[in-house]
Amino acid sequence: MIKKVLVANRGEIAVRVMRSCRELGIESVAVYSEVDRKSMHVRYADDAVCIGPAPSSESYLRKDKIIEAAKLTGADAIHPGYGFLSENADFARMCEKEGIIFIGPSPYAIDTMGDKITARKTMIAAGVPVVPGTTEPIHDIKTAIDVIMKIGLPVMIKASAGGGGKGMRLVKNEEDIISAISGAKSEAKAAFGDDAVYIEKYISSPHHIEFQILGDKHGNIVHLFERECSVQRRHQKVVEETPSPIMTQEVRMKMGADAVAAARAVNYYGAGTIEFIVDDNLNYYFLEMNTRLQVEHPITERVVGVDLVKQQINVANGLPLAFKQEDLKQTGHAIEMRIYAEDPDNNFMPSPGVIKHIREPLGLGVRHDGYVYKGYEIPMYYDPMISKLIVWAETRDEAIARMKRALFAYKITGIKTSIPYLHRILEVPDFIKGRYNTHFIEENQQYLKKQNTSTERSIDMAAIAAFVDYITKLESLQTEPNTKQQLGNNWKDFGRKRSALRF
Amino acid sequence: MIKKVLVANRGEIAVRVMRSCRELGIESVAVYSEVDRKSMHVRYADDAVCIGPAPSSESYLRKDKIIEAAKLTGADAIHPGYGFLSENADFARMCEKEGIIFIGPSPYAIDTMGDKITARKTMIAAGVPVVPGTTEPIHDIKTAIDVIMKIGLPVMIKASAGGGGKGMRLVKNEEDIISAISGAKSEAKAAFGDDAVYIEKYISSPHHIEFQILGDKHGNIVHLFERECSVQRRHQKVVEETPSPIMTQEVRMKMGADAVAAARAVNYYGAGTIEFIVDDNLNYYFLEMNTRLQVEHPITERVVGVDLVKQQINVANGLPLAFKQEDLKQTGHAIEMRIYAEDPDNNFMPSPGVIKHIREPLGLGVRHDGYVYKGYEIPMYYDPMISKLIVWAETRDEAIARMKRALFAYKITGIKTSIPYLHRILEVPDFIKGRYNTHFIEENQQYLKKQNTSTERSIDMAAIAAFVDYITKLESLQTEPNTKQQLGNNWKDFGRKRSALRF
Amino acid sequence: MSYEIKINDRISNIEVLSREGNKFSILIDKRCYELDIVEVDKGVYSILHDCRSFNVELVEAKNSKSYHVNTLYETYEVEIIDAETKYLMNRRKDEGEDQNVISSPMPGKVVKILFKEGDLVKAGETVVIVSAMKMESEYKVKQDRKIKRILVKEGDTVNGDQPMVVIE
Amino acid sequence: MSYEIKINDRISNIEVLSREGNKFSILIDKRCYELDIVEVDKGVYSILHDCRSFNVELVEAKNSKSYHVNTLYETYEVEIIDAETKYLMNRRKDEGEDQNVISSPMPGKVVKILFKEGDLVKAGETVVIVSAMKMESEYKVKQDRKIKRILVKEGDTVNGDQPMVVIE
């Protein structure tokens with residue numbers, strides 16, 4: 001059984017993994033780069049080893065140094081978190097070779113799912129739906145029509161040799177098929193000297209819905225239902241929730257079974273995620289598999305009532321899963337929002353810096369997974385995510401209200417954060433209704449722009465607070481310094497006093 | 001519908017009530033005593049009104065000032081929290097008269113349940129079991145024997161006129177009955193000149209188990225299962241958990257039905273708690289009813305998935321309960337521990353003072369309901385409870401492990417707290433096994449005393465940290481003060497510099 | 001004594017009319033506020049006005065007279081304008097200082113400098129690229145300019161508000 | 001330079017042998033530690049020793065040379081003993097100061113003073129009662145004593161460690 005886990009990561013996920021280790025009575029080892037000496041994971045861990053300079057390539061991505069640190073501290077397992085080396089099959093293999101348990105899937109599963117083409121082929125073989133389309137170039141119109149009729153409208157026709165939108169045609173109606181193919185072909189011919197085209201199903205309002213799965217080393221695989229992740233900015237998830245507001249129980253069961261089939265196709269063990277692209281009619285297609293813990297795993301933990309990190313460790317220990325599919329169910333509604341050190345009102349410019357003051361949101365139904373603290377300097381070298389706010393409530397409406405309450409109470413000064421932006425997302429009518437897809441952010445710009453909520457009184461209060469602070473400083477400066485109070489009586493007696501310093 | 005709630009309380013419960021108000025879109029009003037100006041509930045509320053000097057009798061118990069504050073701010077309802085005026089029927093009546101909704105039960109229910117004798121009679125009439133015993137003095141041995149045989153052994157025989165243990169006899173075995181009665185009677189005669197005795201069922205290893213109930217103004221009443229509160233020190237609850245480790249589903253259903261019957265006997269509406277005394281064989285007897293929210297309500301919220309404060313507000317609004325008994329169920333296990341500002345290693349001496357540094361426990365399954373913050377001075381006038389730590393997990397064992405992890409991560413400096421003591425409770429074998437009653441603390445003194453866990457290295461680390469801090473101060477003192485850095489460039493230019501002060 | 005105070009672009013007159021403990025009477029422009037003001041933690045103020053509870057957080061900005069101020073939903077830049085500040089503001093105006101400096105608003109690493117001293121730069125061209133938190137930001141000129149001085153070099157780590165390039 | 005340091009009742013010699021940034025070599029009695037020490041927040045230290053991570057929190061006690069120190073499960077009283085402290089300790093010993101003062105270890109309110117100046121008090125008798133957080137604490141004498149001076153009166157609010165009664 002695992003006795004000591006090295007966490008090959010930093011930030012909130014490192015602390016989160018260590019928390020579960022502590023509950024299991026397992027010691028934890030932090031590795032850290034030179035700029036991370038004061039980081040919370042170093043303080044939280046039982047052991048800590050420095051593995052190099054700030055750039056990830058010289059520290060958190062250095063497989064050799066991490067393995068060395070594990071040996072130095074006697075760690076018998078490594079948890080990779082997410083990002084960094086979490087989906088690196090070579091690292092998993094190195095661990096295996098060195099007799100260290102890699103808390104994650106087999107290198108084979110990582111490799112297979114890591115390559116898009118292999119993954120697609122594996123899924124087709126396993127009977128998991130993928131986005132329909134041709135894999136060979138088409139030259140004649142008749143074949144093209146046949147393919148389109150088989151895939152079903154709408155489709156996107158793309159020039160085989162193409163790029164830059166040339167030779168691309170979106171077909172929505174049957175009567176446009178022939179003219180679209182002809183047009184695409186002649187445009188392709190003119191542009192690239194080749195009139196071959198590809199045809200792919202076009203999903204006009206795509207939803208990103210993923211399924212959490214868990215497998216053990218005895219062939220048992222279950223899914224822990226879906227997460228709706230369609231609120232994305234530049235392909236980065238911003239909000240995740242479960243259950244998905246567009247899901248039906250019937251489709252959920254079908255998708256869950258397909259997610260399990262997808263995992264089974266690579267003999268998956270550990271925690272993993274099957275990402276699907278879903279259209280408005282709940283047709284769904286395999287997109288990719290993440291062979292690791294996801295950032296958004298806590299919403300599943302809350303709604304299903306399972307500690308996923310503990311499950312990962314149990315699986316790595318060779319234990320069978322403690323539950324069957326029929327033991328699992330969803331209760332209530334959970335939402336996660338990611339808090340970034342960035343300025344949402346200035347093109348999301350990153351905002352590293354020193355946390356001057358922090359007040360974390362607490363209370364019923366609120367989980368806050370973070371790692372920064374007062375006085376901590378967020379380094380400029382890593383991802384700007386500083387924490388995740390996860391709320392649970394009986395219903396989706398209540399969860400939204402709770403998230404607003406939590407954002408209201410969450411105060412950080414010293415850096416800019418995405419908190420005001422997240423507030424605005426919760427006020428967008430389409431979000432409130434649960435009717436959104438991956439175009440949500442771009443379609444709702446008018447709601448997401450900074451609103452001027454200033455009143456004369458709030459401006460005056462801001463001015464007054466600053467002014468009172470200023471004149472208080474001024475006054476204390478003009479008063480004779482009361483050294484005695486600051487340094488204790490004894491300093492003065494011994495004539496050591498040179499001046500009163502802040503310490 | 002209620003638009004604005006005045007919370008007639010302070011500390012964690014005031015903040016907790018305001019959180020639910022905020023989620024419901026209801027404004028909140030804080031009232032505060034002069035020493036509570038910086039208290040979190042004043043900062044959290046939308047409105048705040050000072051109601052007098054520090055002593056509760058001059059502020060938080062001043063019904064007139066609280067009503068006045070409600071009128072001043074336009075609050076249409078008052079939530080009393082727990083303690084202070086929460087079980088004061090006169091206050092509930094005053095609110096009613098002034099047209100302000102009192103978020104709590106009817107004055108009639110408060111009065112009836114507030115008087116022990118009336119409550120006992122009401123319960124007997126409602127068929128709810130009470131601790132069996134005589135209500136009239138007994139003079140002859142035969143009646144005494146009859147009564148004892150009816151109540152069943154063990155019983156306690158007490159002198160009617162008695163006190164101080166004189167004339168008291170505990171009877172465990174049938175053969176001792178006559179000698180015990182005779183002995184008690186003659187001792188009573190000698191001591192008080194009156195040989196009349198009372199007989200009461202003796203519960204040798206009592207458990208304190210209470211049931212949460214909720215009723216609306218339409219006659220619907222449900223229970224939200226039990227809370228086990230047997231870990232008590234000087235009749236103060238220290239740990240609460242749900243489900244109770246000694247409960248069976250059969251007894252739970254019976255007790256729940258009796259709890260509902262008890263509430264129904266006084267036409268109860270709002271949230272309330274029926275306290276039972278329970279013996280090792282799960283015989284249970286009505287003890288009293290608390291006609292308010294309890295300190296330990298969050299464990300029920302977590303396991304049943306209901307926000308009790310929101311339910312209170314809905315009921316006060318005249319809404320029917322949104323669920324029936326059969327809709328409610330318990331999921332997983334929750335434990336609450338109360339953190340006090342006190343020194344457990346010095347006879348639990350209160351420890352008011354300034355919070356120098358605080359790091360609250362976070363993460364999966366942890367709820368922390370508190371109100372103190374860095375720089376806050378805990379006043380000496382009120383209850384020393386500073387926060388409540390509530391954990392949830394799938395199983396009791398996991399919940400205990402999680403609580404340990406949370407206590408480990410919970411750091412407060414500047415005051416002494418009960419955290420180390422709570423740690424020790426979690427290590428007591430009887431607690432781990434779930435085999436404990438209200439004698440737990442006194443029977444486990446050997447485990448609960450301060451253990452010496454110091455190693456030479458940990459002592460050395462303490463010394464080294466202090467020493468490094470000291471020499472760093474010394475060094476900065478001996479260096480010329482760098483005024484420029486502290487005050488910004490501009491001060492110096494204008495020759496205002498007198499000295500460098502900490503501000 | 002009355003001060004001038006700048007909140008974002010608004011300039012107001014502000015004066016403490018009276019003070020008793022944490023009770024202030026403050027005149028801002030023509031509005032008079034009776035307030036209860038306490039500093040609950042360093043830079044964190046609780047203000048009560050007409051029973052309303054306001055929370056205001058201050059972070060000192062470039063010097064002891066300027067602040068970033070957070071209220072519930074807004075952030076303001078506030079600066080107390082005393083004689084010194086006025087003098088500096090005037091000087092800045094005269095010399096055209098500051099507008100001629102490209103500064104990094106955040107800490108980061110200088111990835112690339114695309115010109116050298118003396119070069120002429122066209123409006124919209126990028127002068128320097130700074131990277132922080134896996135994101136690169138480009139700093140451009142708005143008008144045709146000439147590079148006067150370059151204060152950093154590629155690979156340098158810069159602080160927030162640190163001048164990088166002086167243009168004319 | 002070597003110092004004496006008192007941890008609870010233990011007195012040790014302590015000395016920084018070398019320092020480079022946050023890497024310290026420290027000798028305490030005969031034990032030499034190679035340590036990585038950083039102050040992560042005011043009074044909060046992270047110490048790494050042989051890969052082990054220790055968290056130590058300091059709160060200044062009665063003066064700048066004495067601390068309450070919290071490690072994971074323990075609290076220690078630590079005092080740096082320099083020439084001044086030695087002098088004060090000796091004086092205290094000579095004059096028998098401090099042992100003759102009844103102080104309140106916590107802030108509170110003086111509820112009752114049961115004697116007046118000049119009274120003789122028997123061992124075990126309560127001299128003063130202080131209330132805090134709804135709890136009353138009684139302060140007794142351990143031996144027969146005489147009340148020399150009473151520094152507070154009933155109803156007074158006292159701070160932590162404030163002397164209340166001088167006895168002889």
Side-chain angles (χ1 to χ4, degrees), chain A residues 4 6-7 14-15 18 22 27-32 34-51 68-75 354-358 371-377 483-497 500-503, chain D residues 1 3-4 6 20-24 34-68 70-73 78-92 97-98 159-163:
Chain A
K4 196 171 196 172
L6 181 148
V7 183
V15 176
M18 290 175 192
R22 183 163 287 274
E27 289 213 338
S28 52
V29 181
V31 290
Y32 63 98
E34 283 159 12
V35 294
D36 267 346
R37 171 65 184 86
K38 293 183 178 183
S39 198
M40 185 58 88
H41 71 294
V42 177
R43 297 170 59 192
Y44 196 92
D46 296 293
D47 287 10
V49 181
C50 183
I51 50 165
E68 200 182 297
K71 292 186 159 180
L72 178 69
T73 54
V354 177
I355 307 288
K356 300 280 186 186
H357 180 258
I358 180 166
Y371 78 106
V372 307
Y373 56 88
K374 184 185 160 296
Y376 177 69
E377 180 169 6
T483 324
K484 206 175 132 188
Q485 269 193 333
Q486 268 186 275
L487 297 180
N489 282 315
N490 312 321
W491 294 104
K492 219 176 71 184
D493 303 347
F494 275 68
R496 283 227 187 80
K497 195 195 82 180
L501 257 193
R502 165 212 266 171
F503 51 65
Chain D
M1 187 177 140
Y3 282 77
E4 277 188 353
K6 189 165 174 242
E20 220 187 298
N22 45 314
K23 302 284 198 300
F24 288 77
E34 302 299 321
L35 301 162
D36 180 333
I37 307 178
V38 295
E39 188 180 20
V40 294
D41 191 5
K42 167 115 192 64
V44 182
Y45 283 83
S46 165
I47 304 181
L48 300 183
H49 172 243
D50 272 356
C51 294
R52 290 304 269 182
S53 173
F54 296 86
N55 295 286
V56 183
E57 296 166 339
L58 310 178
V59 181
E60 234 179 65
K62 58 182 188 291
N63 61 45
S64 58
K65 282 174 292 192
S66 65
Y67 296 90
H68 304 290
N70 298 328
T71 58
L72 182 47
Y73 294 111
V78 177
E79 191 169 2
I80 284 91
I81 307 172
D82 60 4
E84 177 197 9
T85 313
K86 271 191 187 153
Y87 166 75
L88 287 172
M89 282 167 89
N90 283 331
R91 205 179 59 173
R92 210 147 55 205
E97 237 186 83
D98 275 12
N159 299 320
D161 294 323
Q162 182 179 324

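When reading the values below, keep in mind they use all heavy atoms of this one structure, side chains included, and skip hydrogens, waters and symmetry mates. Numbers restart at 1 for each chain; the letters A, B, ... are given by sequence-line order, proteins then strands.
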Asker: Is D:Asp50 close to chain A through its backbone or its side chain, or both, or neither, when contacts mean heavy atoms under 4.5 Å?
Answerer: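 Looking at D:Asp50, nothing touches chain A.
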
Asker: Is any side-chain heavy atom of D:Val44 closer than 4.5 Å to a side-chain heavy atom of A:Tyr373?
Answerer: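 No, every pair of side-chain atoms sits at 4.5 Å or beyond.
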
Asker: What heavy-atom pair brings A:Arg43 and D:Ser53 nearest, and what distance separates the two atoms?
Answerer: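 Heavy atoms of A:Arg43 and D:Ser53 come nearest at O-OG, 3.7 Å.
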
Asker: Check each atom of A:Val49 against the heavy atoms of chain D and say whether the ones under 4.5 Å are side chain, backbone, both or neither.
Answerer: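 Only the side chain of A:Val49 comes within 4.5 Å of chain D.
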
Asker: Is A:Glu27 close to chain D through its backbone or its side chain, or both, or neither, when contacts mean heavy atoms under 4.5 Å?
Answerer: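 Side chain only.
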
Asker: Could you grab the distance from atom CG of D:Asp41 to atom OH of A:Tyr376, nearest 0.5 Å is fine?
Answerer: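 With rounding to 0.5 Å, CG (D:Asp41) is 13.5 Å from OH (A:Tyr376).
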
Asker: Using non-hydrogen atoms and a 4.5 Å limit, figure out which bit of A:Ala48 sits close to chain D: side chain, backbone, both or neither.
Answerer: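 Both backbone and side chain of A:Ala48 come within 4.5 Å of chain D.
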
Asker: Over all heavy atoms of both residues, which pair between D:Glu39 and A:Lys38 is shortest? Give the atoms and the distance, please.
Answerer: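 Where D:Glu39 meets A:Lys38 most closely, the heavy atoms are O-NZ, 3.3 Å.
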
Asker: If you measure from CG on A:Asp46 to CG on D:Leu72, what distance do you get to the nearest 0.5 Å?
Answerer: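 A:Asp46 CG to D:Leu72 CG: 9.0 Å, rounded to 0.5 Å.
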
Asker: Would you compute the distance between atom CZ of A:Arg37 and atom CG of D:Asn22 and round it to the nearest 0.5 angstrom?
Answerer: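 Between atom CZ of A:Arg37 and atom CG of D:Asn22 there are 6.5 Å.
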
